[in-house]
Amino acid sequence: MALSWNEIKDRAVKFSKEWENDFNEEAEAKSFMDDFFNVFGIPRRRVAGFEIHIKKESGKQGFIDLLWKANILIEFKSKGKDLDKAHTQAKDYFPGIKDADLPKYILVCDFARFRLYDLDENTTTEFELKDLVSNVQHFGFIAGYQKKIFNEQDPANIRAAELMGKLHDRLKEIGYDGHPLEVYLVRLLFCLFAEDTTIFNKQQFQDYLEQRTTIDGSDLAAKIQELFQVLNTPTEKRFKNLDEQLSEFPYVNGKLFEEVLPTASFDTKMRQAVLDCCYLDWSKISPAIFGSMFQSVMNPTERRNLGAHYTSEKNILKLIKPLFLDELWTEFDTVKGNKHKLQEFHKKISNLKFLDPACGCGNFLVITYRELRLLEIEILRSLNKSGQGFLDVREIIWLDVDMMCGIEYEEFPARIAEVAMWLIDHQMNMQISNEFGQYFVRLPLKKAAKIVHGDALEANWNDVVSNTQLSYILGNPPFIGSKIMKQSQRDAIVKEFDNIDGSGVLDYVTGWYIKAAKYIQNTKIKVGYVSTNSIVQGEQTSILWGQMLNKYGIKIHFAHRTFKWSNEAKGNAAVYCTIIGFANFDTNSKSIYEYEDIKGEPHEMKVKNINPYLVDAKDIFINKRRKPICNAPEISFGSMPNDGGYFLFTDEEKKEFLTSEPKSAKFFKPLISAHEFLNGHKRWCLWLKDANPTDLKEAQLVNERIEKVRKSRAESTRAATQKLASFPTLFGEDRQPKSEYVLIPRHSSENRKYIPMGFFDEKSIASDSCLFIEGAKLYHFGVLMSIIHMTWIKHVCGRIKSDYRYSNELVYNNYPWPESPSEKQIKNIDNAAQKVLDIRLQFPQSTLADLYAPLTMPPQLVKAHNELDKAVDMAYRNQPFTSEAKRMEFLFELYEKYTADLFTTEKVKKVKKKVVQ
């Protein structure tokens, strides 16, 4: 049992007084250190050796005065001697110490002065013997109170996961697999944390393994099994003749060690693997971070990118702060001066309940609980302003892990989450101990987070926690796109949405939204989810949010617009996300968090309303439509060859073909696909529409290509493609315009400020990777190339990852064009658009991809686009737009006006039709 800080300070005062007089330094150095360690309640002989033989870097033999492996090295000098020299001497010993045993601290001492070097933090603390009482906190690591700073990418986290992964693999190889293996590893994980965080005595688990098991590992499994049994047995019920080392372990309970598992089997290497895990300092490893890494290490495909899949603390805070944490801290600041109100506030937060219905290893729950416990510490500080302290700290700690609930599909992460909650609880209890000078540990474990192993979309959430008791739902449900979902997952989503039209195209994450919306009806529960940005862009938006808002009365309270959800792990896959907070009631306090750089930090905007596109505008839904809502030329897909590749040629392939058959040159036309258009590549196609049959008959190589196309189509499994075999000279779908057109690539990088578009004549074949607008003028090109149209695209279009996916029916046909532009405004746009085209021509060697790349866009082109943006903005209204958000708010208002007129027109048409009948 660790000492309280008050006890440690009392001992420090006594130690300083006893050793302040002169004494025989050489003879009494051991006694000095024994008494020093006793200040912190640790028997020196049990943890540290004295006068350790070591080979120095020079090759000579040396003696370390004191070494506590993997913790501290101590070097003594006579009074008044040079402590710098003692430090150098201590460092000289390092090459002869095993990596696993290298200390984290060096203490040099002349019996009157202490100098402590923290090698991890690169700090130095120096004081005199009489001032030890004021500096004991720097030695908290001896008693287990060391303050830890968790770094998400700390190598210790990754190293720990890798070591556990090796052990996992070896156990699996010998046939110890499935549920027993998962529980076994979670138990070992608990023991490793426990011995470095004062749940067990320091190195108690390690000492037991090293001293009570043979090197060949043959008895290790039996000894571990015996330990598990002891940890599950109350002290008073244990055997009277139990091994002394085993009897010192505490009773844990919490059902963690309750289940009887099959006995494992170990060998020499496996025993060493367990010991290697012990040699790490697990107190430096965050339960929130390690859980996901631990899970990843069990999956060989994920292990290659270890650390890439966990949710960083920074991103979790982006959700929980606006969901509840900021509000609680604001309330605390309001009541902290009133003892009665502060006690009521303490009671309020102790009654909060949280549910993560896709909790994984518990990252969100762990961080949430930690933040609430930090708030509780501040409450207790305010209640203890007098400094009198509390008689029993146990009576004033009201928050416990049973306030956290979760649902997890896989058993292993569910069990990790449960243990992670106990571990973070213990770490916070140590912080309480540090704060108030009383050792506080919850053993045996009596309460646990309620983590249910099951399918969240099938489970009744009220069976996990009643919606009359719950306060908040939070988490990041699975990121699985509609196109890669399993059929069972798609069926689950369709079922959750009551088979409404369009539910089959929804992403998996939408199931958690609609499930939460149903669960929170007529409650004050708030929900915060991290989701892929697909649910606020493209066709999914109106399907999901139409149900959320119209059927279930949901209101969005806050939202982070698209940002890059990732960490800095090597090889990590970026996901482009939003965070949305919502409830079944409205609020006057709404915030949108906008990102100028999706990899950067957001700025908060207070807004009146947040619609499904995360814009401060009315709740409007953009649905697919076949015709433009404005008087604009119609847009079409390009032509699709459906030819098995036999009509298509690169520049080199075309030259080679015409070398063999020159007379076929008249059948070739340039094919414009998105890739070729943007990157300046040439591609060709055989365009045989209206070709003279006699000419075709004489073109043998062309005929061979035609036959291959016919055969390819005939062998297709699709009936529609098989029918096309009857027309082997034609593209599968021919939509080629008959006059000049503007071409728009359907997919474009989100890094570009503008999607490049261009003019082509009817002799250039637009492929199906593009859209085209036949008969478009400079005015239309200018508006489409403007920043206000790009703003519409950003908010309305679908995405592939984060790249734009321009849609005819969703983006173009719904776009609100300037209402009544004057001739002067149209002319200004024409001139500005022509200038953009002219400047492009000044760089004949550069591709559009180069011209529109953020870092290489020529200044002349930037200036021309700025002028075009201004001209188009002025066609919408006389005042310039101050931000993208203002542009979007204006466009939504204009869209509402246009579509209201359309609705009225459609209604009149229907009425007239009835009259005619």
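For this chain, numbers begin at 1 and follow the sequence in order.
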Any Lys/Arg nitrogen of [X] or [Y] sitting under 4.0 Å from an Asp/Glu carboxylate oxygen of the other?
{"X": "E819", "Y": "K897", "result": "yes"}
{"X": "K689", "Y": "D734", "result": "yes"}
{"X": "K777", "Y": "D830", "result": "no"}
{"X": "R887", "Y": "E884", "result": "no"}

### Query
Do any N or O atoms from the side chain of N814 and from the backbone of N623 form a donor-acceptor pair under 3.5 angstrom?
yes
Is it true that [X] and [Y] have ring centroids separated by less than 6.0 Å?
{"X": "F772", "Y": "F760", "answer": "no"}
{"X": "Y513", "Y": "W545", "answer": "yes"}
{"X": "F759", "Y": "F781", "answer": "yes"}
{"X": "H865", "Y": "Y754", "answer": "yes"}
{"X": "H789", "Y": "Y815", "answer": "yes"}

### Task
Would you check, one step at a time, whether the test side chain to side chain contact (heavy atoms under 4.5 Å, CB included) holds for T532 with Y576?
CA-CA 6 Å; T532 45; Y576 294 87; over 6 Å; no
### Query
Can a donor-acceptor pair be found between the side chains of Q540 and D507 at a distance below 3.5 Å?
yes
### Query
Are side-chain N/O atoms of E656 and T659 paired as donor and acceptor at under 3.5 Å?
no
#### Entry: Audit row: K738, E774, salt bridge (charged side-chain N to carboxylate O under 4.0 Å, His left out) steps and yes/no
CA-CA 8 Å; K738 295 179 174 59; E774 187 172 7; over 6 Å; no
### Message
Quick check: do L868 and M785 have side-chain heavy atoms less than 4.5 Å from each other?
### Response
yes
### Query
Between CG of D619 and CD1 of I554, what distance do you get to the nearest 0.5 Å?
11.5 Å
### Query
F657 pairs by ring pair (Phe, Tyr, Trp, His ring centres under 6.0 Å) with which of F647, F649, F667?
F649
